[in-house]
Amino acid sequence: MALSGVKKGAALSPPRICIYGPPGVGKTTFASSAPGVIMVPVEEGADVAGCDRFDLCESVPAVMAALDQLLNEKHDYSVVAIDSLDWFETIAWDQACLDAGVKSIEEVGGGYGKGYIAALAYHRQLLGKLTQLRREKGMACILLAHSQVKRFEAPDTEAFDRFEIKLHRRASDLYTEFVDLLGFANVRVTTRETTSNFGQKKVKAIGTGERVLRVASRPNFVAKSRYPIADELELSWSA
């Protein structure tokens with residue numbers, strides 16, 4: 001007897017993508033080149049990229065209003081991009097402070113990190129809207145963020161530095177779990193050891209300007225992919 005509700009084989013839904021990296025590496029350009037994209041700008045920069053976009057959203061209600069337009073009105077867009085998550089986190093903190101009637105995120109809920117937990121409600125609200133757009137409008141999403149270097153205390157080895165999304169830990173974990181692809185964008189750098197006239201050895205960084213997207217996690221950066229693609233790609237939508 002066959003079981004009911006059993007699905008077989010892969011079923012591809014519109015992808016949920018997060019790209020993070022240092023300023024100026026080309027994240028906004030990457031997102032703006034996606035076909036059918038519309039940008040929800042939380043920081044300035046989308047104007048230069050030239051893609052279709054909403055006005056600059058400087059509050060949580062403004063971001064949600066833009067997403068509600070995409071949910072409730074007829075349009076031909078197939079991808080929504082948020083630029084950027086770390087700027088969205090800043091306005092989420094502002095909103096948490098406004099709700100609590102305090103001036104600092106550290107004061108929300110009496111301190112002890114409760115403000116960052118309160119701000120997670122706005123991150124979840126954002127993800128809820130993106131999930132609705134995916135299910136009801138068939139829209140993919142591209143979330144952009146800056147990178148930061150943080151010390152990682154590994155339980156099975158010595159602590160080491162690695163690149164992560166520039167968000168509070170709880171928010172970073174939330175987006176990492178949500179997306180289908182988390183890519184670290186950076187300029188390819190190689191090193192060369194040189195010896196001075198006095199016999200001192202130095203390591204010199206060499207860059208060609210090539211911009212790459214890494215989608216498989218390594219000790220020095222966080223990444224992930226649910227798709228059978230190469231671990232490293234050119235930083236371009238076509239790639």
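Hydrogens, waters and symmetry mates are skipped; everything else that's a heavy atom, side chains included, is used. These numbers come from a predicted model, not from an experiment.
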Student: Answer whether the closest heavy-atom distance between the side chains of E106 and K114 falls below 4.5 Å.
Tutor: no
Student: Considering all heavy atoms of both residues, which atom of V215 and which atom of G183 are nearest to each other, and what is their separation?
Tutor: CG1-CA, 4.2 Å
Student: For the hydrophobic clusters of this structure (ILVMFWY residues joined by side-chain heavy atoms under 4.5 Å, transitively), does one cluster hold both L181 and V37?
Tutor: yes
Student: Within 45 degrees of the axis of the six-membered ring of F152 and under 6.0 Å from its centre: does R162 put its NZ or CZ there?
Tutor: yes
Student: Hey, does I38 have a side-chain heavy atom less than 4.5 Å from the side chain of L70?
Tutor: yes
Student: Same hydrophobic cluster for L130 and L174, using side-chain heavy-atom links shorter than 4.5 Å among ILVMFWY?
Tutor: yes
Student: Is it the case that more than 12 heavy atoms not belonging to D55 sit under 6.0 Å from its CG atom?
Tutor: no
Student: Looking only at heavy atoms, which two atoms of A118 and V108 are closest? And how far apart?
Tutor: CB-CG1, 4.0 Å
Student: Give me the atom names and distance for the closest heavy-atom approach of P14 to D180.
Tutor: O-OD2, 4.3 Å
Student: What's the verdict on side chain to side chain contact (heavy atoms under 4.5 Å, CB included) for V79 and C141, showing C-alpha distance, side-chain angles and the deciding distance?
Tutor: CA-CA 5 Å; V79 181; C141 69; over 6 Å; no
Student: Verify the cluster assignment for V42 and M39: are they in a single hydrophobic cluster under the rule of side-chain heavy atoms below 4.5 Å apart?
Tutor: no
Student: Hey, are R53 and D83 close enough for a salt bridge, meaning a charged N less than 4.0 Å from a carboxylate O?
Tutor: no
Student: So, taking the atom named CH2 in W87 and the one named CD in E58, what distance separates them when rounded to the nearest 0.5 Å?
Tutor: 9.0 Å
Student: Supply the atom-to-atom distance K103 NZ to D94 CG, rounded to the nearest 0.5 angstrom.
Tutor: 13.5 Å
Student: With clusters defined by side-chain heavy atoms of hydrophobic residues (ILVMFWY) lying less than 4.5 Å apart, directly or transitively, does V63 cluster with L133?
Tutor: yes
Student: Do the non-hydrogen side-chain atoms of L71 and E136 ever get within less than 4.5 Å of each other?
Tutor: yes
Student: Main chain of S104, side chain of E107: is a donor-acceptor contact present, judged purely on distance under 3.5 Å?
Tutor: yes
Student: Evaluate Q95 against Q125 for side chain to side chain contact (heavy atoms under 4.5 Å, CB included), listing each step before the verdict.
Tutor: CA-CA 13 Å; Q95 189 65 45; Q125 187 179 4; over 6 Å; no
Student: Under the 3.5 angstrom rule, does the side chain of S32 hit a backbone N or O of T29 as a donor-acceptor pair?
Tutor: yes
Student: Could you walk me through whether R188 and E234 pass salt bridge (Lys or Arg N to Asp or Glu O under 4.0 Å), step by step?
Tutor: CA-CA 10 Å; R188 188 188 300 281; E234 174 192 345; over 6 Å; no
Student: With distance as the sole test, does R211 use its side chain to make a donor-acceptor pair with the main-chain N or O of V25 at under 3.5 Å?
Tutor: yes
Student: Quick check: is L126 connected to Y77 through a chain of hydrophobic side chains (ILVMFWY, heavy atoms under 4.5 Å apart)?
Tutor: yes
Student: Would you mind telling me which of W93, F178, F88 makes a ring-ring contact (aromatic ring centres under 6.0 Å, His included) with H123?
Tutor: F88
Student: If you apply the rule side chain to side chain contact (heavy atoms under 4.5 Å, CB included), what do you find for K166 with S147, and how did you get there?
Tutor: CA-CA 5 Å; K166 190 180 178 183; S147 59; 6.0 Å; no
Student: Rounded at 0.5 Å granularity, tell me how far CG in L143 sits from CG in D86.
Tutor: 11.5 Å
Student: Between CG of D231 and CZ of R214, what distance do you get to the nearest 0.5 Å?
Tutor: 11.0 Å
Student: Which atom names give the shortest non-hydrogen contact between A34 and I142, and what distance separates them?
Tutor: CB-CD1, 4.0 Å
Student: Is any side-chain N of the basic residue among D68 and K129 closer than 4.0 Å to the acidic one's carboxylate O?
Tutor: yes
Student: Do L182 and I165 have side chains that approach each other closer than 4.5 Å (heavy atoms only, starting at C-beta)?
Tutor: yes
Student: Does the side chain of M64 come within less than 4.5 Å of V60's, by heavy atoms?
Tutor: yes
Student: Minimum heavy-atom separation for L235 to F30, with atom names?
Tutor: CD1-CD1, 3.8 Å
Student: What are the two closest heavy atoms between K150 and Q148, and how far apart are they?
Tutor: CD-NE2, 3.2 Å
Student: When you measure from the centre of the six-membered ring of Y116, is the NZ or CZ of R170 under 6.0 Å away and within 45° of the axis?
Tutor: no
Student: Hey, could you give me the NZ/CD1 distance between K27 and I19, rounded to the nearest 0.5 Å?
Tutor: 10.0 Å
Student: Is there a side-chain contact between V40 and C57 in this structure, where contact means two heavy atoms from C-beta onward sitting under 4.5 Å apart?
Tutor: yes
Student: In this structure, is the centre-to-centre distance between the rings of F184 and F221 below 6.0 Å?
Tutor: yes
Student: Any side-chain donor-acceptor pair under 3.5 Å between Y20 and E164?
Tutor: no
Student: Is the closest side-chain heavy-atom distance between T28 and L144 below 4.5 Å?
Tutor: yes
Student: Quick one: OG1 on T90 to CG on L85, what's the gap to the nearest 0.5 Å?
Tutor: 11.0 Å
Student: Decide yes or no for R134 and T131: does some side-chain heavy atom of the first lie under 4.5 Å from some side-chain heavy atom of the second?
Tutor: no
